[in-house]
Structures are given as structure tokens and as C-alpha cells.
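These notes concern the structure reproduced below.
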Amino acid sequence: MQSYSIKTLLEKGKEVALQEVSIHGWVRSFRSNRFIALNDGSCLKTIQVVVDFDKFDEELIQQITTAASLQVVGEVVESQGKGQEIEIVAKDIKVLGVAASEEVQGTILQPKAHSLEKLREQAHLRFRTNLFGAVMRVRNALMFAIHQYFNELDFVYINTPIITGSDAEGAGEMFHVTNFDLDNLPRTEDGKVDYSQDFFGKATNLTVSGQLEGEAAAMGLGKIYTFGPTFRAENSNTSRHLAEFWMIEPEMAFYNLDQNMDLAEDFLKYVIQYAKDKCPDDLAFLAERYAKEQSQKPADERSELGLMDRLDYVLNNRFIRLSYTEAIDILKNSKPNKKGKFKYPVDGWGVDLQSEHERYLVEKHFKTPVILFDYPQEIKAFYMRLNEDGKTVRAMDVLFPGIGEIIGGSQREERLDVLDERIKQFGIDQEEIWWYRDTRRFGTVPHSGFGLGLERLVLFVTGMGNIRDVIPFPRTPNNAEF
Ligand code: 4AD
Ligand code: MG
């Protein structure tokens with residue numbers, strides 16, 4: 001007898017009619033002591049199992065409650081009822097794990113609407129819900145597409161270290177890694193913590209980015225990408241920030257910034273298209289949720305486009321490319337700026353852009369994704385290539401509707417003398433990154449790369465509003481449960 005996932009079984013449909021099959025899953029509902037809706041996580045849908053209760057023990061029937069796990073053997077038949085092509089007439093039912101009704105009542109497994117906050121509090125159970133199941137399957141499709149995309153283009157997937165001694169972004173938002181006894185720290189003569197006695201013989205931290213090591217790899221392998229967890233101890237409790245998130249960082253030797261932008265745009269379109277092709281049911285479900293959520297928002301915050309339209313919008317439009325300087329002009333003269341509607345007024349060249357500004361450009365002004373480039377050097381990292389003007393660097397940020405920055409990248413400074421100047425400006429210790437400087441000493445080449453925050457991409461594709469709802473177990477300030 002053949003064992004099937006519910007997804008495969010429903011795909012086969014009538015093709016398997018009259019066959020005896022075995023399936024596993026969790027009970028979503030048991031209607032009239034006769035119809036079990038069973039789900040196994042392989043897809044959004046449930047399969048209907050028809051139970052002739054005369055043929056089963058009363059005791060067994062009573063154990064078939066919401067959230068219980070079952071193995072069902074039965075015959076596939078064409079369904080009499082509406083809503084499904086096939087169903088299963090149960091011959092044998094095994095209850096693998098019971099779920100006491102009184103206990104289920106207090107959890108998100110109870111079949112009724114639950115808030116996203118409540119789902120988060122029970123993150124270990126939310127994999128059972130339609131909503132989180134759909135988000136996770138879309139996330140999975142995106143991750144697979146990311147690997148496929150780079151693989152098709154002959155990029156080499158490399159793993160950069162999670163424990164590092166450097167602060168790639170220079171923002172100092174790092175989690176320390178140590179095996180010191182924190183109540184009894186060794187000190188140097190001048191009273192500072194003596195890291196030379198620490199596990200690695202120096203101060204180390206969780207990586208904020210694999211880029212620097214990625215660059216070293218690209219200097220031999222040509223085109224590489226990393227895809228791993230990154231950690232930032234920034235205390236920003238927003239719907240766009242996590243303390244632990246997954247980042248995809250391609251790095252390409254011999255690429256200039258224009259080629260970098262071309263790649264970023266092509267890449268985003270490819271993975272979004274893949275998710276659309278692969279997850280139509282999950283996305284239809286998420287689109288419905290998105291529409292409902294939007295309809296409850298005040299008119300001026302409501303998105304004009306539905307979820308699927310928003311995806312198509314990205315797929316069918318060329319991303320606008322705009323210099324930081326041009327963006328500042330637009331923002332300075334924009335209505336919200338003149339009317340004092342921005343929380344951070346744009347008063348001149350050199351200010352860092354906030355997500356309200358990014359979203360204004362994308363959602364109101366251009367109504368298409370935007371790639372901003374050539375930012376002031378002061379507000380970007382040390383490794384970005386200095387332009388002829390001596391004030392801007394070859395940075396690029398890809399801005400998306402509803403999200404703001406989804407990708408950050410740049411052409412890198414490949415000239416050692418200029419790099420050294422920047423290292424000095426930023427107060428970085430030359431000795432510390434001697435190996436990074438070496439990559440500019442032995443056959444340096446123009447090169448570029450970028451970083452995509454996976455969860456920001458998942459937010460965009462699923463239409464979810466909070467980044468905590470698109471990662472299995474979110475890490476944010478004051479929250480490391482599970
Ligand atoms: O712009 P960021 O800081 O760029 C870098 O780290 C570069 N080293 C990347 C590179 O050129 N190889 O981060 C890149 C992306 C952002 O655009 C955003 O999507 C995401 O990472 N990101 C975060 N996502 C969730 N939570 C956070 N706290 C994030 N910080 C950045
Ligand atoms: Mg950035």
C-alpha cells in the first residue's frame with residue numbers, strides 16, 4: 001500500500017481513485033463525528049477523511065479531536081461533497097497522539113481567529129496554523145530559488161564564519177562571543193578585560209555580515225555567494241528589524257556598480273517569480289489575508305495594490321535608478337517634507353535616509369522599486385568605492401514598496417591607498433584587517449556585491465506586516481524564548 005503526503009495525493013486526484021492509501025496528519029476539525037479534515041503541512045489544503053462511526057470503537061472516535069495526530073488507511077474515492085475532488089473512506093485509523101480538548105482550548109490550535117501576537121507567544125505551535133504554514137512554505141520556496149538562481153549562474157556557494165573578530169559594517173552593534181566566566185573576568189594591568197586569555201586569544205563576536213570574507217573568496221573564485229545567519233545587537237524594536245536574520249551576500253570579481261544593480265534586479269525578479277509559480281495556493285491565501293488587513297487600515301495608509309498585483313508590479317517594472325543627490329532634491333521639495341509630515345525632516349544633502357523617506361520615493365513618487373546609488377561617504381561603510389567627487393561612494397540600496405530597504409550593496413574600494421585612507425578615517429585598526437588589505441595587494445580587481453535580508457524579502461512576498469511573523473523563532477530585544 002502506498003503512503004502519500006496530502007499534497008501529492010490531492011495533486012494526483014482522481015488518478016488514485018479506488019486505491020488504498022496510507023496518510024498521516026493532524027486533525028483540523030471533526031465534523032458530525034463523520035468528516036475529519038486532516039492536514040500534514042505539505043500544503044495549505046486538508047484532505048477529508050470520511051468515517052463510518054458504526055465501524056469504529058466509540059473510544060477511538062472520542063480520541064479524534066482537533067490537534068490529535070493520526071495515521072489513516074483508507075480508499076480514495078471521488079468526493080460527493082463540494083470543495084474537494086477526492087476524499088478518503090477510512091478503513092483503519094490509528095491515533096498516534098491524543099490532544100486533550102480542554103488543553104487545546106487554551107492554545108492557538110483551537111480553530112478560530114487568533115492575533116499574530118498570540119501566535120508569536122506560542123511560536124512552537126504556530127507551524128500548525130494555516131497562516132504560518134503558508135508563510136513558511138513561501139519562505140522555503142524563496143530560499144530554494146535563491147540557491148537555484150546563483151547555481152544557474154555558476155556562483156560558488158561558500159560559508160563564511162559566524163564567529164569573527166571583525167565588525168564588517170563598522171556599526172559596533174555586535175554580540176560578544178566568549179567562554180569567560182563573566183563573574184570573574186581576567187583583567188589587564190590597566191583594568192580592561194584581558195581578551196588575550198579568552199577562547200580565541202582575542203575579542204570575538206557574532207558576525208554582522210559575511211561580506212569581508214566573501215570578498216576574499218571572490219578574489220579567487222570569481223563569483224560567490226554566502227547565505228547564513230547574521231546578528232545585530234541594534235536596539236531597534238521595529239517591524240523590519242531582527243537581532244538574528246538570514247542574509248544572502250553575492251560577491252563578484254570584475255563587476256562594477258551597474259552590473260551589481262543589474263544582478264540585484266534580475267535576482268529579485270527571479271526569486272519572486274519562482275515563489276509565484278511554486279506556491280499559488282499559499283499566496284492566494286496570503287493575498288486574502290492581506291486584503292482584509294488593508295481594508296481595516298485608515299485610507300491614507302492603505303496599499304493601493306493587492307498582494308498579487310504588488311508582486312506583478314515588481315516583476316513587470318524596471319527598477320528606477322536614482323542618485324542619492326537626486327533623491328534628496330525630490331524629498332526636499334516633496335509635499336510631506338514641506339508640510340512637516342516626515343518625522344525626520346529632509347533639510348539638506350548628507351542626511352541619512354529613513355524608511356519613511358525610502359517609502360515615499362517608492363510608494364508615492366515613483367510607484368516602482370527604486371535603486372538609490374552614490375551615497376555620501378560619511379553615512380556608508382568603509383569598504384565602499386570612493387567616487388571621483390571625493391564625497392560620495394559607490395553604494396546602492398534597493399528600495400521596495402511596504403518595506404523600504406531590502407538590499408544594501410556597493411562596488412568595493414579596490415585601490416589599497418584609497419582603502420587605507422578610509423580605514424584611517426573610520427578609525428579602524430589596520431593590523432586587525434591585515435588579511436582584508438592583502439586582498440588588495442595581490443592582483444586587486446574591481447568588484448561588487450550586495451546583501452539581501454531574507455526576512456525582508458519574505459515580508460514583501462507574503463504581505464505580512466511584521467518581520468517576527470516570517471521567521472520561525474524570532475530574536476528581538478527582550479525576546480529569545482524557545
Ligand atoms: O545594508 P546592510 O547592513 O549591508 C551589509 O551588511 C553589507 N555587508 C551587504 C553586502 O554588501 N554584502 O544589510 C543588508 C540587508 C539590508 O538591506 C536588509 O535587507 C537586511 O540586510 N537587514 C536586516 N534584516 C533584518 N533585521 C535587521 N536588523 C537587518 N539589518 C539589515
Ligand atoms: Mg543598509
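Both counts, for ligands and for their atoms, begin at 1 and track the order of listing.
The contact shell of ligand 1, taken as protein residues with any non-hydrogen atom closer than 4.0 angstrom, comprises Glu169, Ser209, Gln211, Arg232, Glu234, Arg240, His241, Leu242, Phe245, Met247, Glu249, Tyr383, Glu405, Ile406, Ile407, Gly408, Gly409, Arg412, Gly449, Phe450, Gly451, Gly453, Arg456, Ile467.
Between the side chains of Glu152 and Tyr270, a donor-acceptor pair is found at a separation under 3.5 Å. Residues Glu215 and Gln211 bring a donor and an acceptor atom of their side chains to less than 3.5 Å of each other. Residues Arg28 and Asn130 bring a donor and an acceptor atom of their side chains to less than 3.5 Å of each other. No hydrogens or angles considered: a donor-acceptor pair under 3.5 Å links the side chains of Gln197 and Asp194. A donor-acceptor pair shorter than 3.5 Å cannot be found between the side chains of Ser355 and Glu358.
Glu414 pairs with exactly one of Arg440, Arg385, Arg437 by the salt bridge (charged side-chain N to carboxylate O under 4.0 Å, His left out) rule, that one being Arg385.
Excluding waters, the set of protein N, O or S atoms lying under 2.8 Å from the Mg ion (ligand 2) comprises Glu405 OE2.
Ring orientation note: the planes of Tyr225 and Phe155 are nearly perpendicular, at an angle over 60° on the 30°/60° scale.
A cation-pi arrangement is absent between Lys332 and Trp349 under the rule of less than 6.0 angstrom and at most 45 degrees off the ring axis.
In this structure, the side chains of Phe342 and Leu331 come closer than 4.5 Å at one or more pairs of heavy atoms.
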